[in-house]
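Just so it is clear, the values below take in all heavy atoms, side chains as well, and ignore hydrogens, waters and symmetry mates.
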Amino acid sequence: MNIPKNLGPEEVAIKPAPRPARSLRLKNTLVGWSFVCIASLLIGIFYFYPMVQALILSFQSGTGVHLSFVGFENYVRLFQDPVFLTTVKNTVIYLIIQVPVMILLALFLSVVLNNKTLKWKGFFRTAIFLPCVTSLVAYSVVFKYLFAPDGIVNMMLLKINLVAEPIQWLTDPFWAKITIILAITWRWTGYNMIFYLSALQNVDRSIYEAAKIDGASAVQQFFKITIPMLKPIILFTSITSTIGTLQLFDEVMNITAGGPGNATMTISQYIYNLSFKYTPDFGYAATVSYGIVFLIVIFSIIQFKAAGDKK
């Protein structure tokens with residue numbers, strides 16, 4: 001080290017040798033990979049390993065744990081099973097009715113609650129979001145009592161003379177489906193509304209002000225500004241809602257138990273029945289579960305294409 005002659009020993013600043021940049025990069029890389037490896041290991045153990053095991057199980061058949069490989073026999077049986085076809089029809093009905101209604105309702109509520117002049121916004125946001133944090137079993141039981149033949153809903157309809165006799169919400173195939181759709185819409189609308197509300201709060205208000213100056217009405221602003229700006233969020237919520245509806249179980253199990261007959265049974269409830277209610281057939285139950293995977297892929301592709309997402 002070269003020390004200037006005009007500095008005393010106490011004024012000499014001894015600088016440590018700079019740490020090699022290569023070793024620092026190596027340390028950061030090792031630390032980063034340690035986090036990635038731990039997370040990947042847990043995902044592999046608790047997600048991918050069960051998925052692979054379920055796929056292998058879908059090629060086996062037998063009662064209980066006494067299974068043997070049968071090739072594609074379970075998949076051939078799948079398309080000949082009237083109960084499975086009924087559950088697919090029921091689940092798709094829930095999907096094509098409930099998901100669009102819920103998405104549109106969530107969009108409308110998010111736009112209304114994003115209005116700066118609205119009072120008590122915090123209360124309304126909390127009240128609408130609150131259903132999605134309630135217990136699935138608890139709210140399903142509440143709906144079962146609300147829509148019973150002598151429940152509050154029928155009592156109100158009779159009192160205001162909208163119906164002449166109580167509606168059989170839980171025992172009529174048509175009205176039982178309506179009850180399930182009402183229940184899941186009530187629960188999940190607020191969940192999707194929060195996503196739209198968060199996205200709307202990040203939209204520059206000057207865009208709406210410019211549109212208003214140009215003479216755009218509120219309806220035109222909604223379809224020309226709000227919808228395009230929320231397109232990625234709408235696609236995300238549509239796909240997640242589709243996946244949730246295709247996996248629907250709790251509401252149907254607790255409100256109608258799949259009845260009357262199999263009129264409201266979903267694919268997930270059929271998997272449960274195959275595994276625990278009927279004579280256990282885990283191989284065929286795994287096959288039915290991969291039927292849900294196939295439907296999720298199909299509907300997700302359709303939604304991506306409908307949204308015009310080239311990626």
Side-chain angles (χ1 to χ4, degrees), residues 92-134 139 143 153 156-157 160-163 174-175 177-246 248 296 298-311:
V92 171
I93 288 173
Y94 298 143
L95 174 65
I96 62 178
I97 296 176
Q98 187 268 333
V99 171
V101 170
M102 179 180 61
I103 295 299
L104 291 174
L105 186 58
L107 273 170
F108 172 75
L109 291 172
S110 63
V111 172
V112 171
L113 295 179
N114 194 47
N115 190 342
K116 289 185 176 181
T117 61
L118 180 66
K119 296 181 179 180
W120 304 97
K121 288 187 294 186
F123 170 77
F124 292 120
R125 291 173 182 176
T126 303
I128 296 172
F129 179 74
L130 198 59
C132 73
V133 298
T134 58
Y139 104 88
F143 261 80
V153 174
M156 292 179 62
L157 293 175
I160 59 179
N161 296 320
L162 281 180
V163 294
F174 174 78
W175 291 112
K177 288 186 178 69
I178 296 297
T179 304
I180 299 298
I181 291 171
L182 289 173
I184 53 181
T185 302
W186 176 82
R187 178 177 173 83
W188 295 111
T189 297
Y191 177 82
N192 291 307
M193 181 201 70
I194 292 298
F195 286 103
Y196 301 143
L197 191 58
S198 300
L200 282 173
Q201 291 176 347
N202 291 322
V203 176
D204 192 349
R205 298 298 304 178
S206 61
I207 299 175
Y208 290 98
E209 293 172 359
K212 190 174 181 180
I213 293 173
D214 290 337
S217 64
V219 175
Q220 290 175 325
Q221 292 178 36
F222 179 77
F223 285 104
K224 300 294 184 181
I225 299 176
T226 303
I227 297 296
M229 295 292 286
L230 295 183
K231 181 180 175 181
I233 309 300
I234 294 173
L235 180 61
F236 168 76
T237 54
S238 298
I239 292 175
T240 54
S241 299
T242 297
I243 294 172
T245 304
L246 290 173
L248 185 65
I296 288 173
I298 293 298
F299 280 106
S300 297
I301 292 173
I302 292 173
Q303 288 173 332
F304 273 110
K305 293 295 183 181
D309 195 322
K310 298 180 180 180
K311 298 182 182 179

(request) Answer yes or no: are there more than 12 heavy-atom neighbours, outside F222 itself, under 6.0 Å from its atom CZ? (result) yes

(request) Measure the shortest side-chain to side-chain distance between L248 and I180 over non-hydrogen atoms and say whether it is less than 4.5 angstrom. (result) yes

(request) Identify the two heavy atoms, one from I97 and one from I181, that lie closest to each other, and give their separation to 0.1 Å. (result) CG2-CD1, 3.9 Å

(message) Please find the pair of heavy atoms, one from A216 and one from Q221, that lie closest to each other, and give the distance.
(response) O-NE2, 3.2 Å

(request) Kindly compute the distance separating NZ (K177) from CD1 (I93), expressed to the nearest 0.5 Å. (result) 5.0 Å

(request) Please lay out, stage by stage, how L107 and V111 fare under the test side chain to side chain contact (heavy atoms under 4.5 Å, CB included). (result) CA-CA 6 Å; L107 273 170; V111 172; 5.6 Å; no

(request) Using the side chain to side chain contact (heavy atoms under 4.5 Å, CB included) rule, take L182 and W186 through it: C-alpha gap first, then chi angles, then the decisive distance, then the call. (result) CA-CA 6 Å; L182 289 173; W186 176 82; over 6 Å; no

(request) Would you give the length of the straight line joining atom CD1 of I227 to atom CD1 of I233, rounded to the nearest 0.5 angstrom? (result) 12.5 Å

(request) List the atom of I128, the atom of M193, and the distance in Å for their closest heavy-atom pair. (result) CG2-SD, 3.7 Å

(request) Please name the pair of heavy atoms, one in V99 and one in S238, separated by the smallest distance, quoted to 0.1 Å. (result) CG1-O, 4.5 Å

(message) Working to the nearest 0.5 angstrom, can you tell me the gap between Q98 CD and T189 OG1?
(response) 7.0 Å

(request) First locate atom CZ of F108, then atom CG of L105, and finally report the distance between them rounded to the nearest 0.5 Å. (result) 8.0 Å

(message) Looking at every non-hydrogen atom in both residues, tell me the closest pair between R125 and L197 and how far apart they are.
(response) NE-CD2, 3.3 Å

(message) If you compare all heavy atoms of Q303 against all heavy atoms of I239, which two are closest, and at what distance to 0.1 Å?
(response) OE1-CG1, 3.1 Å

(message) What's the separation between atom OG1 in T185 and atom CD1 in I103, rounded to the nearest 0.5 Å?
(response) 10.5 Å

(request) Decide yes or no on side chain to side chain contact (heavy atoms under 4.5 Å, CB included) for L200 and L113, but give the supporting numbers first. (result) CA-CA 10 Å; L200 282 173; L113 295 179; over 6 Å; no

(message) Tell me if the OH atom of Y139 is crowded by more than 12 foreign heavy atoms within 6.0 Å.
(response) yes

(request) Find the distance between OG1 (T242) and CD1 (I298) and round it off to the nearest 0.5 Å. (result) 13.0 Å

(message) If you apply the rule side chain to side chain contact (heavy atoms under 4.5 Å, CB included), what do you find for T226 with Y196, and how did you get there?
(response) CA-CA 10 Å; T226 303; Y196 301 143; over 6 Å; no

